[in-house]
Colleague: 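Mind having a look at this structure? Questions to follow.
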Amino acid sequence: MSGAVVIGVAFAYLCLLFAIAYWGDKRADARRSLIAHPAIYALSIAVYCTSWTFYGSVGRATQTGVGFLPIYLGPTLMAALWWLVLRKMVRISKTHRITSIADFVSSRYGKSTFLSGLVTVIAVIGIMPYISLQLKAVSASFTALVEFAAPGSTPGLPLPGADTPFHADTALYVAAILAAFAILFGTRHIDASEHHEGMVAAIAFESIVKLLAFLAVGLFVAFGLFAGPGDIFRQAAERADLARLFTMPDAGAIGDFVALTLLSMLVILCLPRQFQVSVVECVDEVHIKRAMWMFPLYLLLINLFVLPIAFAGLLTFQPGTVHPDLFVLALPLSQGHQFLALFAFIGGLSAATGMIIVETVALATMVCNDLVMPVLLRIEGLNLAQRRDLSRLLLAIRRWTIVVVVLLGYLYVRLIGQSFALVTIGLVSFAAAAQFAPVLLGGIFWRGATRAGAVAGLMGGFGVWLYTLLLPSFARSGWLPVGFVDHGLFGFALLKPYALFGLSGLDPITHSLIWSLIANLGFYIAVSLASGQGAIERIQAALFVDVFRPSGEAGGGRFWRGTAPVADLQELVGRFVGEEAAARAFALYAAERGLDLALQGEADADLVNFAERILAGAIGAASARVMVASVAKGEVVGLQEVMEILDEASQILAYSQKLEMKSKELEQATAELTAANERLKELDRLKDDFVSTITHELRTPLTSIRSFSEILHDNPELDLGQRQEFLRIVISESERLTRLINQVLDLAKIEAGSLDWDIRTLDVAEAVRAALTATQRLAGDKGVTLTVDLEAGAPPVPADRDRLIQVMVNLLSNAVKFAPPDKGRIAVTLAATPEGVRVSVADNGPGIPADHHEAVFDKFRQVGDTLTEKPEGSGLGLAISRTILEHLGGRIWVESRPGEGATFNFVLPRAV
Amino acid sequence: MPHRRTRQRALRLVRQSSVTARLVGVFLLGAFLFLPPLLRVFNAGGFLAGFPLLYVYLFLAWAGLVAVMALAIEGDPPSGIDG
């Protein structure tokens, strides 16, 4: 097939891809996204399948049988965890406008410029072999297609070597063309959100093409060339040298199998281009769900015919005539199926192009945002921060990066790659990318991981990788003395790069993977544990690890206190993303919050953070930090301050709790005071009543004494009998007055507690008898019959004898007072009860209505119609009795019904 | 009403975590299928329906894993953006 045709078709295909990308970008601008579908997302992740998969897997299978499979089983396994891991990474990236894996890592560890630069350097050096692999595959397949296409002839397919002059080296032209396309695809303009929707659409398309091409070749080989895949294996089984590939030869091979599975599990997350398509370009995290099984299905399909093609190639070609990496192309060619071969070539080109475009765009973003810009911004002489339009500069940096990265890949393939198979070259890159896994996964699940730990881990892992994989490959190609590979550095056998510390018998990749991951993880964890976090680091760690907590989303970090002029901020953002885009973003921000930015003048902390996030989308988190710092007046909130804020908050909380408690106490005190006040008012009223009553009581006998004394004084002629009568009244009234005063004094004393009590255990019956003796005459005078029933053997109780007699006299004189003259009967009984000793005094007087049973014990209360009859006594007797009994621990009550007499009872409790 | 909303959210949380649990289960199943113990068993040589046993095993296990994964994910009815 003529070179012109092949080149023409290849160009046409690349232009088709570009057209799709262009269309995708237009649709994105019109907000009718072409890629908002889970299948497109899954297909874009299939950029994982490069020409390594397309050509290299077959080559690998011819050497190790199933040894090519772990590279696809690992991602299948990891896909099961995407809902846990990838979704978190996507959410974090959306929240913080992450643009690359370097950005992600640096953001997580305190927006460290150094760390982002380190990740970028590792990525560029580590990915270099991977890009060289694509260049080698495309140029070799092109050469094969053009030069060895005579029908029936057996293509020899020698690969172009280092002796080929540069101008005749196909790989150089391939590199140039692919670099140009990568520039076209990825760096036509600066997008504030760093989305390349057109590129993703094109990648999804090329994923379909490479799958169809590979399946077409597979079907042709299996069913056109042979009678089905079973036939291939049957024929292979007859040859001992092929049948050995049916199983893994030894434990070492199984170990490699496991190691490579682990490796590919990690790189599906960590390769810069996989991060680009699956995290940065993810338009909706829900798409992850479906991609979780669609992507593994894609891997399964594209690998279905790898083994049949490998064995078919081995059966068809003499050993050494065709490089197994090119069987996919050579088998159709050998049968004269030129168009199928051309389709296969396009499939391989497709795979390589997709990889180079996404990878270089991802690397360009990283180099620009995380390596070059931070350095340029720090060079004072350049005064970059003051330049009007920086978006051109950004684009220029990115374009040159693509050129340099592809050129590095070309140099690698020309200088070193010739002596290695495709898969071996690719695995070197895989091992480099795997170094990002600890800082990446640790960063989103382990809050305590520190910047120092990340730096140490990355450097340790990368250093081991350099020493055990990259440098030996230079040595074996003759660019470094080979001595250190064979005998160890400085002749120390323990330092042999392929058998470090005596660990031998492993595949170099497995060997390097083990040591580099041990170094990486070891330093990462140990240094993280030993070092502390700064303020921003700590906040970022929390934001990353807790991204699914509601506060984590909204926060975005309140690093800036203080303000910046709105105009300055907008101008700053405009310089990087274009004035129009900046104006749009700010207008949208204002509209969402209902603000008028023109009126605001000074931007608040939220707006400053918003501006920083937009900038981060264009130039990376670390650079955005530096830029915003140049216009924002506030300082970064220090850890001390964060702590103080927390402290203040907790103090305020404590204060408010105290206040609440105080106010409750106050309320209680107020209630108590109110009650006391009520009681005081009541007492005051009682006192007034008492005073007025007692004055009245005192005045009555005084008036009578005074009247009779005046009569005696004014009428000396009164006869003796009358004089005697009047004097008797005066004496009796005086006695009443004395008694009244005594009782008032008694009551006052008892109530004040100043009365002297002589309490001893005594026989109540004896006291009752004494009282009866004292009142017998009174009863006799009135003609009242007394019946006494004192139970013998009542227990003695503690009491004051005189007071007890006073109570009894009170009760008895009351009874006599109310008993009807001559027909009156009074019964006094004493009985022992479980409570103590009960004494009752019953009369047959008028009785007391039920509603007065309590009131009779009040001071000066005299029950009865005070108008018709004037009861004798002070009205203090019962009040005094009750006070005495209460003091002695007993009680007094009355049982009565009007017309049936009244019974006064009291109880004195037994001694305790 | 707020009460019902909390309950809905609780239900959703339960279901979501069960999806995660199922997927972790799928991962463990896959790890079990592709790790040495089983790998050794099927590495014994021999043929199944004319194909080398190891090849048949790996591809069937792989296909089965993808199918289980699809079931675990799609078996969960999509519910708006959360689905």
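Below, read A as the first sequence line, B as the second, and so on, with proteins coming before strands; counting in each chain starts at 1.
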Colleague: Give, as side chain, backbone, both or neither, the part of B/L23 having an atom under 4.5 angstrom from any heavy atom of chain A.
Modeller: both
Colleague: Mark yes or no for whether A/Y298, through its side chain, and A/L43, through its backbone, hold a donor-acceptor pair below 3.5 Å.
Modeller: no
Colleague: Using atom types as modelled and distance alone, determine if a side-chain donor or acceptor of A/Q274 lies under 3.5 Å from a backbone N or O of A/Y48.
Modeller: yes
Colleague: Can you tell me which of A/L297, A/T76, A/D231, A/T261 forms the most heavy-atom pairs within a distance under 4.5 Å of chain B?
Modeller: A/T76
Colleague: Does any backbone or side-chain atom of A/L300 lie under 4.5 Å from a heavy atom of chain B? Answer side chain, backbone, both or neither.
Modeller: both
Colleague: Can you check whether B/L39's main-chain N or O pairs, donor with acceptor, with B/N43's side chain at less than 3.5 Å?
Modeller: no
Colleague: Can you tell which part of A/L304 gets under 4.5 Å to a heavy atom of chain B, answering side chain, backbone, both or neither?
Modeller: both
Colleague: Quick check on B/F32: does its CZ atom have over 12 non-hydrogen neighbours (other residues, nucleotides or ligands) under 6.0 Å away?
Modeller: no
Colleague: Name the region of A/M294, side chain, backbone, both or neither, that has any atom closer than 4.5 Å to a heavy atom of chain B.
Modeller: neither
Colleague: Would you check, one step at a time, whether the test ring pair (Phe, Tyr, Trp, His ring centres under 6.0 Å) holds for B/Y55 with A/F233?
Modeller: CA-CA 11 Å; B/Y55 298 177; A/F233 290 117; 5.6 Å; yes
Colleague: Counting heavy-atom pairs under 4.5 Å with chain B, which one of A/F257, A/Y72, A/F246, A/W82 comes out on top?
Modeller: A/F246
Colleague: Tell me, side chain or backbone of A/F311 under 4.5 Å from chain B's heavy atoms, or both, or neither?
Modeller: side chain
Colleague: Can you name the one residue among B/F51, B/F34, B/F42 that meets ring-ring contact (aromatic ring centres under 6.0 Å, His included) with B/Y57?
Modeller: B/F42
Colleague: Could you tell me which of A/V258, A/V66, A/L73 has the largest number of non-hydrogen atom pairs under 4.5 Å with chain B?
Modeller: A/L73
Colleague: Select one option (side chain, backbone, both, neither) describing which atoms of A/P229 are under 4.5 Å from chain B's heavy atoms.
Modeller: both
Colleague: Does a side-chain N-to-carboxylate-O contact under 4.0 Å join B/E74 and A/R290?
Modeller: yes
Colleague: Heavy-atom distance under 4.5 Å to chain B: side chain of A/I254, backbone, both or neither?
Modeller: side chain
